[in-house]
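One structure is given here, and the rest of the page talks about it.
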Amino acid sequence: MSEARHRVIVVGGGFGGVRATRALARADADVTIVDRTNHHLFQPLLYQVATGILPDGIIAPALRSVTRKQANARVVLAEVQHLDLDGRVVHALAPDGRPLTLPYDTLVVAAGCTDAYFGHDDWSTWAPGLKTLEDARHLRSHILGAFEMAELASDPAERAAYLTFAVIGGGPTGVELVGQVAELAHEALPREYRSVTTTEAKILLIEAGPEVLAAFAPKLQRYTRRRLVRMGVDVLLNTAAQAMDQSSVTVKGPDGDQRIPARTKIWAAGVRASPLAAMLAEATGAGTDRAGRVAVQPDCSLPGHPEVFAIGDMVQLNDLPGVAQPAIQEGTYVGRLIRSRLAGQADGKPFAYRDKGSMATIGHLSAVADSYGMKFTGVTGYTMWGFVHVLFLIGWGNRASAVFHWARALTFTKNRPHRTITAELVRHELTGEGAEGDD
C-alpha cells in the first residue's frame with residue numbers, strides 16, 4: 001500500500017472496528033486494523049462456546065479472512081500501548097515485544113470494554129467474566145470441571161459445593177449463561193455420570209436490583225424470571241455479592257448476609273471501558289463516566305481532534321447501551337464520514353442511533369425480544385433471536401454451521417458436543433494452579 005495515501009488506523013477488530021473498515025473499502029485510503037487478537041469476536045454468542053454448544057471458530061473468524069477481499073486494508077497483530085494524538089502516532093507492541101510505530105492521518109479507536117468488579121478486582125480470580133474467547137474456553141473448563149470433581153467427591157458437602165453454580169449479574173449475559181448451565185445439568189449430562197446426579201445441581205442467579213434484565217420491559221422481565229424458575233434456577237433479587245473465595249460467595253439480600261458454598265462463580269455484573277478511553281480523555285480533555293467511557297462529540301470525534309474518533313462500548317454518547325448495535329452503526333457512520341471527507345465533501349449530520357430493540361435467550365425455544373415497541377416471548381422470541389444472530393455472523397459457512405450445531409446440540413441430541421477439557425485445565429480453573437500453557 002502506498003505511503004502517499006491517507007492513512008487510517010483502526011484500533012480494535014470488533015463490531016465497530018470491522019464496520020468502519022468495511023465502510024472505507026472504496027475510499028482513497030490505506031486502512032490498518034490493530035488488534036491484540038487475530039480474530040473478530042461475535043461476543044453475543046460467547047456463552048455458547050463456554051457451555052459447549054458452538055466451536056469457537058464459528059464466532060471468531062480470523063480478521064485476515066474478514067478483510068481478505070478489501071485491497072486497501074491490512075491487519076497488524078499487536079497491543080496498543082500509547083496514543084500520541086499530537087504526533088498522530090499509535091505506539092504498539094508486537095507479539096515478540098518489538099515496539100511498533102504506526103503513523104496515521106485519521107484514527108478510529110474501537111477498543112471495547114472489560115469486566116468491572118466495582119473495587120474488588122481480586123474477585124476475578126474466583127469469578128471470571130466472559131468478554132474474550134480465552135474467557136469462554138477457561139469458563140468451559142471451569143463449568144465442566146466442576147461436574148467432574150463432583151463425580152470424584154466422597155464428602156456430600158464438597159460434592160454440593162461443586163454442584164453449586166452462582167452467576168452474578170442478571171443482565172442478558174447472566175440470564176443466558178445461567179439458562180445454559182441449567183440445561184447442561186438437567187438435560188445434557190444426567191445420563192453421563194454414575195456417582196453423581198447432575199440434576200441435583202444448585203444454580204443461582206444473583207442480581208443486586210429488583211428484577212432481571214433491568215433494561216427490558218416489565219412484561220419481559222417477569223416472563224424471564226418465571227421461565228428461569230421453571231428451569232430450576234434460584235433467582236435471588238435485591239441481592240449483592242459481598243465477598244468470595246475459592247469455595248464460596250457471600251451475599252447480602254433481604255434476609256441479611258448469607259455465605260453460599262459454591263466452587264463455580266461467574267461474573268456478569270458490570271463492565272468498564274478499555275484503558276484507552278482514559279488515555280483519550282486525558283489527551284483531549286474529554287470527560288468520562290463512572291464506567292470509564294469517554295465522552296465524544298456528536299460525530300463520534302474527540303474534542304479538539306476532528307481526525308480522532310472513538311466508537312462502541314468505550315464511549316459515552318447519548319446514553320446509548322453498551323451492546324453490539326451502537327458499535328455497528330457508529331462504525332458504519334464513522335467510516336462513511338471519513339470517506340466523505342476524503343472526497344472533499346462537507347461533514348454531514350451527527351450520528352443518530354436507530355434502536356432496533358433488545359433480545360436475550362433464556363433456554364431452548366425460550367427467549368425475550370423487544371423490537372420496535374413490540375414484545376415477544378417464547379418460541380417467537382427465540383426464532384427472532386436466532387435469525388438476527390445468524391444474520392450478523394460473518395460468512396455463510398459460519399451461519400450454516402451455527403444453525404447445524406444448534407439443531408444438533410439443542411434439538412436432536414440434547415447434547416453439548418464441544419466439551420474438550422484436560423485435568424491440567426480443570427486444576428487451573430478450580431484452584432488457580434498450573435496456569436502455564438493452559439490455552
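Salt bridge absent: Arg7 and Asp30 never bring a charged side-chain N and a carboxylate O closer than 4.0 Å. Classification of Lys131 and Asp135 as a salt-bridged pair fails, no side-chain N sitting under 4.0 Å from a carboxylate O. In this structure, Asp121 pairs ionically with Arg272, as a charged nitrogen and a carboxylate oxygen lie closer than 4.0 Å.
Residues Glu330 and Tyr353 have side chains not in contact (no heavy-atom distance under 4.5 Å, counting atoms from C-beta outward). Within the 4.5 Å cutoff, side-chain heavy atoms of Met279 are placed close to those of Leu276. Between Leu54 and Leu45 there is a side-chain heavy-atom pair separated by less than 4.5 Å. In this structure, Thr361 and His389 have side chains that are not in contact, with every pair of non-hydrogen atoms separated by 4.5 Å or more. Val66 is listed as a side-chain neighbour of Arg22, based on a closest heavy-atom distance under 4.5 Å. The closest side-chain heavy-atom distance from Ile59 to Gln48 is not below 4.5 Å. Annotation: side chain of Leu139 is in contact with side chain of Leu177 (closest heavy-atom distance under 4.5 Å). Using a 4.5 Å heavy-atom cutoff, the side chains of Leu280 and Met314 are in contact.
At least one donor-acceptor pair under 3.5 Å links the side chain of Thr422 to the backbone N or O of Leu425.
With values rounded to the nearest 0.5 angstrom, Leu184 atom CG is found 7.5 Å from Ile53 atom CD1. How far CE of Met359 is from CG of Asp370: 9.5 Å, rounded to the nearest 0.5 Å. How far CG of Leu236 is from NZ of Lys252: 15.5 Å, rounded to the nearest 0.5 Å. Residue Leu63 holds its CG atom at 13.5 Å from CZ of Arg74, rounded to the nearest 0.5 Å.
Ser65 and Arg68 form a side-chain donor-acceptor contact under 3.5 Å, judged by distance and modelled atom types alone.
With sequence neighbours excluded, no residue satisfies salt bridge (Lys or Arg N to Asp or Glu O under 4.0 Å) with Asp86. In this view, Arg36 and Glu79 satisfy the side-chain hydrogen bond (donor to acceptor under 3.5 Å, both in side chains) rule, not counting sequence neighbours.
No option in Phe387, Trp385, Phe412 other than Trp385 meets the ring-ring contact (aromatic ring centres under 6.0 Å, His included) test with Trp406.
Side-chain rings of Phe15 and Phe42 approach one another, their centers coming within less than 6.0 Å. When ring centroids are compared, Phe147 and Phe165 come within the 6.0 Å threshold.
The neighbour count for Arg341 CZ, taken as heavy atoms of other residues, nucleotides or ligands under 6.0 Å away, is above 12.
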Donor-acceptor contacts, no H, no angles, side chain residues 302-309, under 3.5 Å, sequence neighbours left out:
from: His305; atom 1: ND1; to: Glu307; atom 2: OE2; distance (Å): 3.0

